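A quick write-up on the structure given underneath.
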There are 2 protein chains.
Amino acid sequence: MTEATLSIGQVAERTGMSVHALRLYERRGLLASEIRRDAAGRRLYTGGDVEWLTNCVRFRASGMSLETIGRLAELVRQGTGNEAERLELLREHQRRINEQLDQLRACLDIIDAKVSGYERHLAYGVTGDPWQSHVPA
Amino acid sequence: MTEATLSIGQVAERTGMSVHALRLYERRGLLASEIRRDAAGRRLYTGGDVEWLTNCVRFRASGMSLETIGRLAELVRQGTGNEAERLELLREHQRRINEQLDQLRACLDIIDAKVSGYERHLAYGVTGDPWQSHVPA
DNA sequence: CTAGATGCTAGATCTGGGTCTAGGTCAACA
DNA sequence: TGTTGACCTAGACCCAGATCTAGCATCTAG
């Protein structure tokens, strides 16, 4: 079963990446498997490639650097035998995501407080600057 | 009561910013109030400045751009009367933080799944690559 | 009195992650 | 047949945000 393939443009469409970025990622070795080419040298992406890239997009959105993605890609390219390393890398990122969640929640608390401060301020015409004065909000 | 002031180095220490960044923020107009100087031209930060900067650090960590911080700073500098605008700006950021939280959680789910996939893999010597093969993980 | 921190300004440099350009190949369709 | 549109490579460019440099001034402790 010759797997159906996609052109770079189609992959861009379904991953949300630009074709430029797709080529960049390939040049930088961020792909888990080599991309085949057609007779004219055009890239042929498989479903697996798209899946990998979709994960890359998520990883990026959660702050993983291209360098780290590259390390992970290399481990996957090497094949089985380095699962412990992959796990370590993933656990590290897991940790970083949790840190980010904490930070975001902390910031959100502050903003929520300021937002309701301003809402009160606007609703009741409270005097004074809810930011400048040390009134909470 | 002449408020106690801090040097730029001290502010760097307690906000976690570098002195370079502190000067940069000032040049870019990201501060809510003008920083006084001593006779020799050295900056004298007040507690309020440190508080503002601490919020800046949080805002940055949650993805607010320097430009947006600058807009907020300007509104605060202008004094009361533009609370509605400030509120709008804060609400917008609130929205963006919530989006980020969603994305992070989504990514975390994927990573969690992969992590436990690899853990199972390592614990039971399951064969096959939990990444390559379409085995969950 | 002098060394060593610490501060100042203006402007240069770096980094990460993309995006864009030039110049060219190829396929399909009117 | 010839133009249109998607693709190719290599390398230039961009942007935000920070960091560093040069050259100088000012304190403070020994």
Side-chain angles (χ1 to χ4, degrees), chain A residues 4-31 34-46 49-50 52-73 93 96 100 103 107, chain B residues 4-31 34-46 49-50 52-73 93 96 100 103 107:
Chain A
T5 59
L6 297 173
S7 73
I8 195 171
Q10 292 171 315
V11 173
E13 216 174 317
R14 49 204 86 179
T15 58
M17 299 176 64
S18 70
V19 299
H20 300 289
L22 285 168
R23 293 195 274 245
L24 176 69
Y25 277 37
E26 182 176 337
R27 268 213 302 281
R28 297 250 184 124
L30 308 188
L31 303 188
E34 199 148 346
I35 303 301
R36 286 186 301 119
R37 304 296 185 109
D38 70 7
R42 296 197 210 88
R43 292 168 177 82
L44 298 174
Y45 293 84
T46 66
D49 297 326
V50 173
W52 174 265
L53 285 164
T54 302
N55 279 330
C56 287
V57 168
R58 292 185 181 290
F59 290 165
R60 284 290 303 127
S62 60
M64 187 182 282
S65 68
L66 295 193
E67 212 222 302
T68 302
I69 293 179
R71 284 212 298 277
L72 187 54
H93 191 58
R96 291 167 47 86
Q100 285 184 73
Q103 283 192 43
C107 183
Chain B
T5 59
L6 298 173
S7 71
I8 195 171
Q10 293 171 315
V11 173
E13 216 174 318
R14 49 204 87 180
T15 58
M17 298 177 65
S18 71
V19 298
H20 301 289
L22 284 169
R23 293 195 275 243
L24 175 68
Y25 278 37
E26 182 176 335
R27 267 213 303 281
R28 296 254 185 120
L30 308 188
L31 303 188
E34 199 147 349
I35 302 302
R36 287 186 302 118
R37 304 297 185 108
D38 70 9
R42 295 197 211 89
R43 291 167 178 82
L44 297 174
Y45 294 83
T46 67
D49 297 326
V50 173
W52 174 265
L53 285 164
T54 302
N55 280 329
C56 287
V57 168
R58 291 185 182 290
F59 291 166
R60 283 291 301 129
S62 60
M64 187 182 282
S65 68
L66 295 194
E67 211 222 303
T68 301
I69 293 179
R71 284 211 298 276
L72 186 54
H93 191 58
R96 292 167 45 86
Q100 286 184 72
Q103 283 192 41
C107 183

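What's counted below: heavy atoms across the whole structure, side chains too, no hydrogens, waters or symmetry copies. Sequence lines set the chain letters: A, B, ... in the order given, protein chains first and strands last, and positions in each chain run from 1. If you're wondering where the values come from, they're calculated on a predicted model, not measured in any experiment.
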Whole-Å gap separating [atom2] ([N]) and [atom1] ([X]):
| X | N | atom1 | atom2 | value |
| --- | --- | --- | --- | --- |
| R27(B) | dA16(D) | CZ | C1' | 14 Å |
| R28(A) | dG16(C) | CZ | P | 9 Å |
| I35(B) | dT9(C) | CD1 | P | 12 Å |
| L30(A) | dG17(C) | CG | C1' | 11 Å |
| H20(A) | dT9(D) | NE2 | C1' | 13 Å |
| L22(B) | dG17(D) | CG | C1' | 14 Å |

Within residues 63-70 of chain B, residues whose heavy atoms come under 4.0 Å of DNA chain D: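 Hits under 4.0 Å, by residue number: S65(B), L66(B).
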
Any side-chain N or O of Y25(B) below 4.0 angstrom from OP1/OP2 of dA18(D)?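 Yes, such a contact exists.
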
Do any side-chain nitrogens or oxygens of S7(A) fall under 4.0 Å of OP1 or OP2 in dA6(D)?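 Result: no.
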
Kindly say whether W52(A) contributes a backbone atom to a donor-acceptor pair with the side chain of N55(A) at under 3.5 angstrom?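 Not at all, since once roles are kept as given, no pair shorter than 3.5 Å links the two residues.
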
Starting at the 5' end of DNA chain C, which residue's closest nucleotide do you reach first, A40(A) or M17(A)?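 The residue closer to the strand's 5' end, by nearest nucleotide, is M17(A).
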
[X] side-chain proximity, nearest of [options]:
| X | options | value |
| --- | --- | --- |
| R43(A) | dC8(D), dC8(C), dT19(C) | dC8(D) |
| R42(B) | dT9(D), dG17(D), dG7(C) | dG7(C) |
| R37(B) | dT9(C), dC8(D), dC20(D) | dT9(C) |
| L24(B) | dC26(C), dA18(D), dC7(D) | dA18(D) |
| R60(A) | dC20(C), dG17(C), dA18(D) | dG17(C) |

Do the non-hydrogen side-chain atoms of R60(A) and L66(A) ever get within less than 4.5 Å of each other?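 They are in contact (side-chain heavy atoms under 4.5 Å apart), so the answer is yes.
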
Counting heavy atoms not belonging to R96(A), are there more than 12 under 6.0 Å from its CZ?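 Incorrect, the count does not exceed 12.
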
Please determine which of I69(A), T68(A), L24(A) meets the side chain to side chain contact (heavy atoms under 4.5 Å, CB included) test together with L30(A).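 Among I69(A), T68(A), L24(A), the one meeting side chain to side chain contact (heavy atoms under 4.5 Å, CB included) with L30(A) is I69(A).
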
Roughly how far apart are [X] [atom1] and [Y] [atom2], rounded to 0.5 Å?
| X | Y | atom1 | atom2 | result |
| --- | --- | --- | --- | --- |
| L53(B) | F59(B) | CG | CZ | 11.5 Å |
| Q10(A) | R14(A) | CD | CZ | 5.5 Å |
| M17(A) | L22(A) | CE | CG | 4.5 Å |

